[in-house]
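Beneath this line is the structure, given in structure tokens, with notes to follow.
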Amino acid sequence: MSENQLMDWSALGFEYHPTDWNARCTSRNGVWGEVEWTQSEYMTMHISAGCLHYGLEIFEGLKAFRGVDGKIRLFRADENARRMISSAERLCLAAPSVEQFVDICAEVVRRNLRFVPPYESGASLYLRPLLIGTNPFLGVKPALESTFIVFASPVGPYFKGGIAPIDVVIDRGQDRAAPRGTGDVKVGGNYASSMLSGYQAHRSGYSNVLYLDAVERKYIEEFGAANFFAVRGNTYITPASGSVLPSVTNKSLRRLATDMGMTVEERRIPVEELSEFDEAAACGTAAVVAPIGKVIDLQTNKIYDFGNKVGPYSLKLFNTLQDIQYGRTEDPYGWTTVVEV
Ligand code: PLP
Ligand code: COI
């Protein structure tokens, strides 16, 4: 079946769709075995594997784009590989090298070519690499065996409506990450701690939770599934914090903003400063750039209203990023890698 008939690509949201192949590779006592390619979506595991009871799980998210020229490009896979290495260090798991990570991701794309959405759809193939501690043990200690898995799913926008404003809440009742905790690495536990507040926000009709720092609840940190940035005048402002995930998208936007002539500030952002910003947005691989319409502070009932519009800076940053990802423009930064097929 041709890729154009496989599914309604333009209607895709951010949900799991099975693809043809996924990869698994296991490290035992620090030595990696062969990569196993499988069409099964399941795996068997020991009931006492460390990932099941002590949360020994880290993951990544990156995308492959079918470009305007028909070529398929992976976006900054090396950055995701490096972040997986730092997440793995935090959980004492053996991590794949940058080269292993990137090669396996590229091969997952190659083996699932018919699931890379057509250019016109504006969708992409999302890759989900994960690393889990798989040997059985009972006491709390590092895993001696880690299993690296990479699977793919075609996806559309994370927040419904593409680049349309989303409303979010501040929930001072629940924290995502403690200072010197695991907020700056991509461990499953961070998403566990934000699950209830995120679910409650969704149930009330909001797209995501904007978390504040866990000490004073005074400074903006990030969303449950994306970083935060704001624009004031010609300045791009994003939180500096040791408990925020270093987002590849945010890093890229900071570079694009600088090259557009904007000033970039990475600093603490008191929550009240929201009322002084012209634009605010969520950014990430899944979210891309999602402009904020309203921020509702649940406990103080204060509402920060950015209007039901997409601000000009957010739009320009979104377009410039996607032009590179979809090959509509030169990639002067070397961020994209064409997957040879
Ligand atoms: N922050 C959190 C908590 C995330 O889950 C994500 C998604 O990966 C991001 C930020 C954005 O990071 P990136 O741009 O590397 O996808
Ligand atoms: C991503 O943007 O890749 C994420 O991991 C966000 C979310 C789906 C957890």
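Here, residue 1 is the first one in the sequence, and each next residue gets the next number. From a predicted model like this one, the values you see are computed outputs, not experimental measurements. Atoms within each ligand, like the ligands themselves, are counted from 1 in listed order.
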Note to self: What I want to find out is whether E79 reaches R83 closely enough, with some N-O distance under 4.0 Å, to be called a salt bridge.
What the structure shows: no
All heavy atoms of N208 vs all of A225, minimum pair found to be OD1-N, 3.3 Å
Residues 29-53 vs salt bridge (Lys or Arg N to Asp or Glu O under 4.0 Å), sequence neighbours excluded, gives none
* Any Lys/Arg nitrogen of R128 or E60 sitting under 4.0 Å from an Asp/Glu carboxylate oxygen of the other? -> no
Do the ring centers of Y16 and F151 come within less than 6.0 Å of each other?
yes
(request) Mark yes or no: R66 above the aromatic ring of Y119, with NZ or CZ under 6.0 Å from the six-membered ring centre and no more than 45 degrees from the axis. (result) no
In chain-and-number order, ligand 1 lies under 4.0 Å from a heavy atom of each of R83, R176, K186, Y191, E222, F223, G224, A225, A226, N227, L245, S247, V248, T249, C283, G284, T285
Query raised in the report: In terms of side-chain heavy atoms, does D171 have a donor or acceptor partner in S197 at a distance below 3.5 Å?
Result: no
By ring-ring contact (aromatic ring centres under 6.0 Å, His included), Y126 pairs with (sequence neighbours left out) F14
Below 30° counts as parallel, above 60° as perpendicular, anything between as tilted: where do the rings of F65 and Y326 land? perpendicular
Residues with a heavy atom under 4.0 Å from ligand 2, by chain and number, are F14, F59, G61, Y126, R128, Y158, K186, Y191, A225, T285, A286
